[in-house]
Protein chains: 2
Amino acid sequence: MATGRTHRPATRSRGIPEATVARLPLYLRALTALSERSVPTVSSEELAAAAGVNSAKLRKDFSYLGSYGTRGVGYDVEYLVYQISRELGLTQDWPVVIVGIGNLGAALANYGGFASRGFRVAALIDADPAMAGKPVAGIPVQHTDDLEKIITDNGVSIGVIATPAGAAQPVCDRLVAAGVTSILNFAPTVLSVPDGVDVRKVDLSIELQILAFHEQRKAGEESAAHEGAAVPPVAHDETTDQGPDGDVPAVMPA
Amino acid sequence: MATGRTHRPATRSRGIPEATVARLPLYLRALTALSERSVPTVSSEELAAAAGVNSAKLRKDFSYLGSYGTRGVGYDVEYLVYQISRELGLTQDWPVVIVGIGNLGAALANYGGFASRGFRVAALIDADPAMAGKPVAGIPVQHTDDLEKIITDNGVSIGVIATPAGAAQPVCDRLVAAGVTSILNFAPTVLSVPDGVDVRKVDLSIELQILAFHEQRKAGEESAAHEGAAVPPVAHDETTDQGPDGDVPAVMPA
DNA sequence: CCATCTTTGTGCACGCGTTCACAAAGACAT
DNA sequence: ATGTCTTTGTGAACGCGTGCACAAAGATGG
């Protein structure tokens, strides 16, 4: 997973648990694949395997949407695709803007997974005047000055921030002021937004750090098993080790 | 959050809850910023605000690492940076390979957040022969044929997959066979890996779909509040119907 | 129409994560 | 030393999410 999320006041949206909502896109993808192969029905067991989850969990997830299955048979693929799409709001068109057209922004603009699911890149915005007019993924980049007008004219409610960390909050503020109520943030910053605005965060380096943690753990366990234990899995005498300034990796800008 | 995660056998690594591990990079980032401003100490309240979490949660998180704070004062910034870095395994060098140098792969290669945290891009690998030798982010792209040798020679244990969906599983298999035990997957596919291998998934379109769900809900609520409901929350009923929408509590994440 | 077989939908229990609330610990002033 | 003030560290309660296990529902065949 990436990261994402902000505080979740624990209020279950319309009775559908947040955890379930997060899995619906997963099911949808698996179902779409089945649909393309013209598979008419699928059992919870099969679909769960395809989506990489437990079948009981899948059935419970679907139960929040309603009883769309047929006992003894399974689920109708087409029907389920429709129901989940509707539930996720993918039956309508969602214009999105991407702000910050660097390497990542360009990659996002070119990403095919958006258009295929009801998301339409309405505009690309960058602060660099030199970028203005230059087409990326077939869409001309526009200057930040026109941000508000672009949002309003296109009725954009979802914004993607792919700017450097420093520019993220100001851009976020402007997006929100212009009417955006959902933000996908790729900048390594904690954005503060007013109530009613959703923010999800994707942080590439955080994912790697989590992997590193587990990787280190594996390595530690291994050597501990050898008894030699070059890196004690748990050693922790803050008095002995320590080294407030010792090495410490580099680190980052905000 | 983004996505990420795969099976978590509920085995708490070394007593540190998975949820806590996922937040450590967040704290680290906030602490680093403080460190650069030469702030000597910070209270749980201040740091929590900077990281965007609850202060009680932060204190509990830190309590899993040990008692690194001073009551009445707070936490020593430098010391905490060191401790968290060490805990996450960032005090050592982690060579990573990125497979699939398309738009996204290139963006990742150029991403500064890696190098600064102990991650070193050891190699870029792509299946397109035309890419071979071409430098991306200053690193020459190598051909997939040499994947195994690259992994072995560099002692790589973390791999990043940024290939098209179809190529992901084969690439994953080869990475694992060559010795990689942690994978960050950007391809929209469920990877199957043997036990002992960690997989985290980042899926851009899933994040947007989750936002769309909440966005739709907001829109539905709004029109429902007007009672007139010019735009029914969901409408559409195929044959049967469904649609006990209407009210819905309220409250949203931020 | 009845028996059997398959698969859903869910009641229930359990465990993790979050949050509250407060005692304990230390800093600091007198 | 003693008292006051601040902030940590954590016991305990609570709620959400997960997974088991099974009854109910429907398909299918005789």
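Small disclaimer: the values here were computed from a predicted structure and weren't measured. So that the names make sense, note that chain A is the first sequence line, chain B the second, and so on, each numbered from 1.
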Quiz item: Does some side-chain heavy atom of B:Phe119 sit less than 4.5 Å from a side-chain heavy atom of A:Ser205?
Solution: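 Sidechains of B:Phe119 and A:Ser205: no contact.
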Quiz item: Less than 4.5 Å apart, any side-chain heavy atom of A:Leu28 and any of A:Val81?
Solution: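 Answer yes - side chains close enough.
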Quiz item: What are the two closest non-hydrogen atoms of B:Ile84 and B:Leu24, and how far apart are they?
Solution: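 Shortest heavy-atom contact: CG2-O, 3.9 Å.
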Quiz prompt | Minimum heavy-atom distance between B:Pro170 and B:Ala167, given as atom pair plus value | solution =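 What the structure gives for the nearest pair is CD-O, 3.2 Å.
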Quiz item: Between C:dG17, C:dA21, D:dT7, which one does the side chain of B:Ser43 approach most closely?
Solution: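 Closest of the options to the side chain of B:Ser43: D:dT7.
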Quiz item: Which nucleotide in the set C:dT7, D:dG17, C:dC20 lies at the smallest distance from any side-chain heavy atom of B:Asn54?
Solution: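 My answer, after comparing the listed nucleotides, is C:dC20.
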For atom [atom1] of [X] and atom [atom2] of [N], their distance in whole Å:
| X | N | atom1 | atom2 | value |
| --- | --- | --- | --- | --- |
| A:Leu47 | C:dG9 | CG | P | 12 Å |
| A:Lys57 | C:dT10 | NZ | P | 18 Å |
| A:Glu45 | C:dT8 | CD | C1' | 12 Å |
| A:Leu80 | C:dT8 | CG | P | 11 Å |
| B:Asp61 | C:dT19 | CG | P | 11 Å |
| A:Leu58 | C:dG9 | CG | C1' | 12 Å |
| A:Asp76 | D:dA27 | CG | P | 13 Å |
| A:Tyr64 | C:dT8 | OH | C1' | 15 Å |

Quiz item: Could you walk me through whether A:Tyr68 and A:Tyr79 pass the ring pair (Phe, Tyr, Trp, His ring centres under 6.0 Å) check?
Solution: CA-CA 8 Å; A:Tyr68 295 147; A:Tyr79 186 54; 5.3 Å; yes
Please check the phosphate of [N] (OP1 and OP2 only) for any side-chain N or O of [X] closer than 4.0 Å.
| X | N | answer |
| --- | --- | --- |
| A:Lys60 | C:dT10 | no |
| B:Ser44 | D:dT7 | no |
| B:Arg59 | C:dA21 | no |

Quiz item: Just by modelled atom types, is the B:Arg86 backbone N or O under 3.5 Å from a matching donor or acceptor in the A:Gln216 side chain?
Solution: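 Yes, the answer is positive, given that a donor and an acceptor are paired below the 3.5 Å cut-off.
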Self-check item: B:Phe62 or A:Thr20, whichever maps to the more 5' nucleotide of DNA chain D
Solution: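 Upstream on the strand: B:Phe62.
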Quiz item: Reckon A:Tyr75 touches a base, only the sugar-phosphate, or nothing at all at heavy-atom distances under 4.0 Å?
Solution: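 A:Tyr75: backbone/sugar contact only, no base atoms under 4.0 Å.
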Exercise. Identify the residue among B:Leu204, B:Ile210, B:Leu208 that makes a side chain to side chain contact (heavy atoms under 4.5 Å, CB included) with A:Leu184.
Key: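 Running side chain to side chain contact (heavy atoms under 4.5 Å, CB included) over B:Leu204, B:Ile210, B:Leu208 with A:Leu184 returns exactly one hit, B:Leu208.
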Quiz item: Just by protein heavy atoms under 4.0 Å, how would nucleotides 24-30 of chain C read 5' to 3' in B, S and -?
Solution: BB-S---
